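Every value quoted in this text rests on a predicted model; they were computed, and no experiment measured them. Computed over heavy atoms, backbone and side chain alike; hydrogens, waters and symmetry mates excluded. By convention in this document, chain letters (A, B, ...) are assigned in the order of the sequence lines, proteins followed by strands, and residues within each chain are numbered from 1.
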Amino acid sequence: MAKKTTKAGGAEAKKTTKAGGAKAKKDRGVAVEKVTLTIDGQELTVPRGTTLLQAAQDAGTEVPHYCYHPGLSSPAQCRLCLVEVEGAPKLLPSCTTTVADGQVVHTQSDDAIRMRRGVLEFYLLNHPLDCPICDQSGECDLQDHVFAEGREHGRGREAKRVLGRDDFGGDVLFYGDRCVMCTRCVRFMNEIEEKPLLTVVERGDRAVIDTFFDEGLEQSNWAGNVVDICPVGALVSKDFLHKARAWDLEHTDSICPNCSQGCNIELHTRDNLVHRMKPRTNLEVNGHWICDYGRGRYEWLNRGDRLEAPVVHAEERNTAMGWTAALEALKSRIDTLGESSVKAVVSPFWSNEDLGAVSRLVETLGGGSVVFRSPRAEEEITLPGYEGLARRKALAPNVQGAELLGCTRVGDDAAQGGLEDLMDHDGVVLVLGDALDDQPEGFAPNAALVVYLGAYTSSALASADFQFPVTTFAEQEGTFTNHAGRVQRFWPALSGPGAARPAWLVLGALLGALKEEEGPTRAEQAFGLVAKAVKSYKGLDYETIGAQGVLSAARVPVPGD
Amino acid sequence: MGYPYSHEKEVPILSKYFGDPEARTLKGWKARGGYKALKKALGMSPEDVVEIVKASGLRGRGGAGFPTGLKWSFMPKDDAKPHYLLCNADESEPGTFKDRELLRWVPHLLIEGCLIGAYAMGAEHVYIYCRGEFFEANQVLAKAVEDAYESGIIGDDILGSGQKIDVTVFAGAGAYICGEETGLMSSLEGRRGEPRVKPPFPAAVGAFGMPTTINNVETLAAIPPIIENGGEWYRQWGTEESPGTKLFCVSGHVKRPGNYELPLGFSLKDLIYDVCGGMIEDRALKAVIPGGSSVALLSADEVENCALSYEGVIEAGSMLGCASVIVMDETTDIVHQVTRMASFYAHESCGQCTPCREGTAWVTTILKRIEDGRGTEDDLDTLIEVTDQMVGTTICVLSDSVAPPVQSSIEKFRDEYLALIRRGERVGAA
């Protein structure tokens with residue numbers, strides 16, 4: 001179930017090759033002429049216009065490269081992707097040479113390997129080889145390629161060029177000595193963010209990447225991406241600096257929880273802590289990119305003051321107990337109440353599976369209303385070079401999912417207030433995920449029953465009748481529905497604290513007990529129940545959603561979104 | 001008339017008015033038969049103009065020697081896009097000074113050639129990219145263009161033909177790499193002077209993304225006489241494969257260095273000992289670089305039977321390039337000269353391609369170390385291998401240019417390297 005890979009390496013292979021989401025859409029429906037060629041003895045047929053590098057990738061051969069990046073233009077300047085094409089007078093850069101009928105390409109011929117060896121030797125002439133203190137070590141393309149194809153010993157005897165370290169602003173540090181001058185960062189700023197904040201200054205072996213005088217990357221909203229696409233340790237994140245070695249990190253596919261765009265990400269974890277968030281390529285949603293706003297907000301997943309055991313409030317005191325006893329106590333309370341009206345508040349940071357379970361419980365207990373509060377930004381932050389990608393105004397991952405389940409948004413743009421109805425309610429009050437930090441002590445004093453399922457306790461909920469510890473999205477499997485109605489899966493990257501369990505599992509067990517039937521035991525089953533209840537999810541299951549998500553049939557228009 | 005010296009064996013076609021200040025002025029130029037060829041060309045179809053150039057066998061004088069007529073015929077026809085003709089006047093190959101003299105003395109000859117070329121290729125705008133350091137040449141050229149505009153030779157209706165062609169003089173900012181045709185286009189567009197990947201070739205996607213042809217100054221200056229007199233006339237000089245005359249820039253240890261216009265195929269030995277008056281103080285010849293700093297050195301033996309045509313110099317073991325003949329006598333320190341050349345390339349590399357960016361600098365440091373007496377014999381093998389790795393692996397040929405001087409000098413003057421490495425002895429007086 002856990003979709004984890006240790007150490008990178010596979011990351012690039014997963015990336016698909018088309019440039020922009022918009023462009024990819026345009027290509028559809030047009031009959032593309034096919035070309036048949038041979039790469040390393042393997043015959044393959046690919047669309048005309050495909051580059052040799054892409055074609056080789058399709059055939060399973062990764063041609064080493066630095067300046068080529070599937071999301072950027074190709075200047076063919078790193079000269080590492082040179083391959084032999086029969087009939088050509090010299091080796092050709094596979095990143096810009098396009099396929100031709102009957103072409104015979106050798107990526108592993110003596111000449112190609114000899115030249116790549118030569119180019120790699122040039123790279124190491126001025127490279128400091130400070131791998132032991134470099135953050136990129138372990139996921140470094142220079143390290144990997146030199147290890148695979150480079151010389152055992154360099155012949156350079158001269159002193160190395162020393163450029164030192166430069167603060168590029170924002171979260172980005174520049175180690176000039178490690179730079180391989182691939183100019184991916186410059187091209188990202190020019191072509192994708194369309195804010196030319198980086199440039200190459202000087203020429204020849206004095207050439208170096210730099211910002212313009214005092215203007216740095218603090219003016220960028222997407223600068224973290226230059227750290228991602230830097231093939232070596234020249235551009236590193238200040239936030240991640242010396243925090244962990246790449247090979248110690250586990251990578252888990254996930255969804256960015258910081259707005260409703262639903263960018264595909266990887267959570268990189270070690271010792272049950274999230275150390276960083278990295279974009280995961282999905283050309284339909286975020287391409288190869290994520291914004292700095294989203295990237296920088298993962299610390300809440302590492303909060304230590306978690307609810308760790310079910311807590312039952314009786315006779316003015318809280319008692320921690322096991323799940324069986326706590327759920328039995330809740331069931332008997334519900335049994336004595338009989339049918340009653342329910343008012344629930346949920347959090348759009350929780351999964352469709354969790355929110356769906358709340359809806360089912362509300363219905364079972366006698367019906368009522370479900371509201372949610374969600375933070376909103378005043379402005380979108382768009383990325384000019386990648387149509388359809390923006391930091392959305394809705395700053396929660398599952399606003400659309402909540403709307404589709406019939407939940408209503410209340411409160412202000414700071415996700416506060418709007419709960420007067422619940423405060424005065426005399427029936428059952430159910431809270432999921434939202435710790436009600438803005439509310440006074442002893443929330444809903446007149447309620448017949450207050451049940452809270454959450455990650456942390458708060459003064460408002462400390463005396464709730466039941467406090468159940470549940471896992472966050474990073475600790476469980478589930479789905480979010482993004483602003484466009486795209487249902488996307490995420491996988492557990494962390495293990496939840498103590499007795500915390502997914503809310504769908506807890507509520508499913510309770511519902512099972514109330515209805516005397518089996519509750520869902522797997523997230524997939526929990527999603528199946530949601531898919532039954534929501535018309536636009538019809539026919540969806542975890543298999544069809546897969547790793548890249550599926551656009552559901554309908555979306556509820558969110559005002560101003 | 002050659003300049004500063006001339007010789008009876010010269011065939012002065014382009015250089016006829018070198019040293020004649022009146023030829024610089026529009027009036028003086030017209031009095032010398034100027035702009036007749038342009039008038040003639042405008043009365044012909046563009047295709048016919050290209051045919052005459054093809055028939056002349058004129059080859060590009062910038063160094064590569066590509067047939068000019070063929071290059072012109074690559075320009076697309078009826079594609080409704082603006083076409084551009086770029087004149088490469090960014091002459092900066094060490095040892096070359098022929099374009100400078102053409103710009104200084106016969107600017108109208110160049111303008112005439114540009115206009116004929118533009119007409120033949122349907123180009124609406126000619127950019128003359130002139131090396132920035134050529135301060136005088138820039139001024140002379142700018143004045144000539146201004147005068148030509150005023151008298152209706154350039155502009156909306158050239159010579160009353162209804163043809164519209166504009167000419168802009170653009171001053172470079174001091175980078176050798178901007179003399180590479182795609183680097184020149186980048187620089188002209190206001191970007192870093194960095195060569196671009198071909199394909200697409202300039203005739204398809206050139207300056208400002210439009211079909212473009214780039215010709216050297218000397219190539220375009222040869223166009224008016226060819227149009228006036230016909231292709232066959234031009235072929236009376238030179239060889240079958242290298243027709244016509246060529247300006248030879250001779251520098252180094254000869255008695256009379258300078259520009260000499262000679263038929264292609266002329267003997268290198270005669271150039272040195274007859275035309276240039278022989279070696280200074282009659283010292284012995286050691287080596288000759290026949291085509292600018294990017295070609296292999298010829299030893300004194302190889303000079304004996306070298307004919308100065310594109311094919312003749314290849315046969316002798318080097319390249320004609322832009323025919324910049326650098327003559328070195330017995331007092332020359334070959335290691336020092338090669339180090340000078342390598343450091344020039346290290347300084348001028350644009351820094352895009354790794355083999356060039358790192359290789360040029362590395363080769364230079366190794367050579368400097370050898371010069372300082374700290375070299376090893378292994379260094380010579382390293383130099384050969386490293387320069388091998390720099391050939392054919394980059395976007396443009398700046399990187400390739402380092403190999404011929406370095407490799408040929410190690411091959412032909414190994415003793416001089418070994419003397420430095422083994423005993424710290426310098427050969428020659430430099």
Engineer: What option among Arg157(A), Lys90(A), Arg114(A) has the most heavy-atom pairs under 4.5 Å with chain B?
Structural biologist: Arg157(A)

Engineer: Below 4.5 Å from any heavy atom of chain B, which atoms of Glu121(A) appear? Answer side chain, backbone, both or neither.
Structural biologist: side chain

Engineer: Is Lys368(B) atom NZ crowded by more than 12 heavy atoms from other residues, nucleotides or ligands, each under 6.0 Å away?
Structural biologist: no

Engineer: Is it the case that more than 12 heavy atoms not belonging to Arg155(A) sit under 6.0 Å from its CZ atom?
Structural biologist: yes

Engineer: Using non-hydrogen atoms and a 4.5 Å limit, figure out which bit of Met115(A) sits close to chain B: side chain, backbone, both or neither.
Structural biologist: side chain

Engineer: Sequence neighbours excluded, which residues qualify as side-chain hydrogen bond (donor to acceptor under 3.5 Å, both in side chains) partners of Glu91(B)?
Structural biologist: none

Engineer: So what's closer than 4.5 Å to chain B heavy atoms on Val201(A): side chain, backbone, both or neither?
Structural biologist: backbone

Engineer: Check whether more than 12 heavy atoms from other residues, nucleotides or ligands sit under 6.0 Å from atom NZ of Lys160(A), and answer yes or no.
Structural biologist: yes

Engineer: Residues in side-chain hydrogen bond (donor to acceptor under 3.5 Å, both in side chains) with Glu371(B), at least two apart?
Structural biologist: His336(B), Arg426(B)

Engineer: Please indicate whether Phe135(B) has more than 12 foreign heavy atoms, meaning atoms of other residues, nucleotides or ligands, lying under 6.0 Å from its CZ.
Structural biologist: no

Engineer: Can you name the residues of residues 374-404 of chain B that have some heavy atom under 4.5 Å away from a heavy atom in chain A?
Structural biologist: Arg374(B), Thr376(B), Asp379(B), Thr382(B), Glu385(B), Val386(B), Asp388(B), Gln389(B), Met390(B), Val391(B), Gly392(B), Thr393(B), Thr394(B), Ile395(B)

Engineer: Using non-hydrogen atoms and a 4.5 Å limit, figure out which bit of Arg161(A) sits close to chain B: side chain, backbone, both or neither.
Structural biologist: side chain

Engineer: Might you point out which heavy atoms bring Val119(A) and Pro355(B) nearest each other, and give the distance in Å?
Structural biologist: CG2-CG, 4.0 Å

Engineer: To the nearest 0.5 Å, what is the distance between SG (Cys356(B)) and CG (Asp205(A))?
Structural biologist: 10.0 Å

Engineer: So with a 6.0 Å cut-off around CG of Asp110(A), is the heavy-atom count from everything else above 12?
Structural biologist: no

Engineer: Working to the nearest 0.5 Å, report the span between OG of Ser349(B) and CZ of Arg206(A).
Structural biologist: 7.5 Å

Engineer: Under 4.5 Å between any side-chain heavy atoms of Arg357(B) and Tyr123(A), yes or no?
Structural biologist: yes

Engineer: Would you mind telling me which of Leu125(A), Val180(A), Leu124(A) makes a side-chain contact (heavy atoms from CB on, under 4.5 Å) with Glu358(B)?
Structural biologist: Leu125(A)

Engineer: Counting C-beta onward and ignoring hydrogens, is there a side-chain heavy-atom pair between Thr354(B) and Met181(A) closer than 4.5 Å?
Structural biologist: no

Engineer: Hey, which residues of residues 180-204 of chain B are touching chain A, say heavy atoms under 4.5 Å apart?
Structural biologist: Arg192(B), Val197(B)

Engineer: Just verifying a value: how many Å separate Tyr176(B) OH and Arg203(A) CZ, rounded to the nearest 0.5 Å?
Structural biologist: 12.0 Å

Engineer: Is the CD atom of Glu194(A) crowded by more than 12 outside heavy atoms at less than 6.0 Å?
Structural biologist: yes

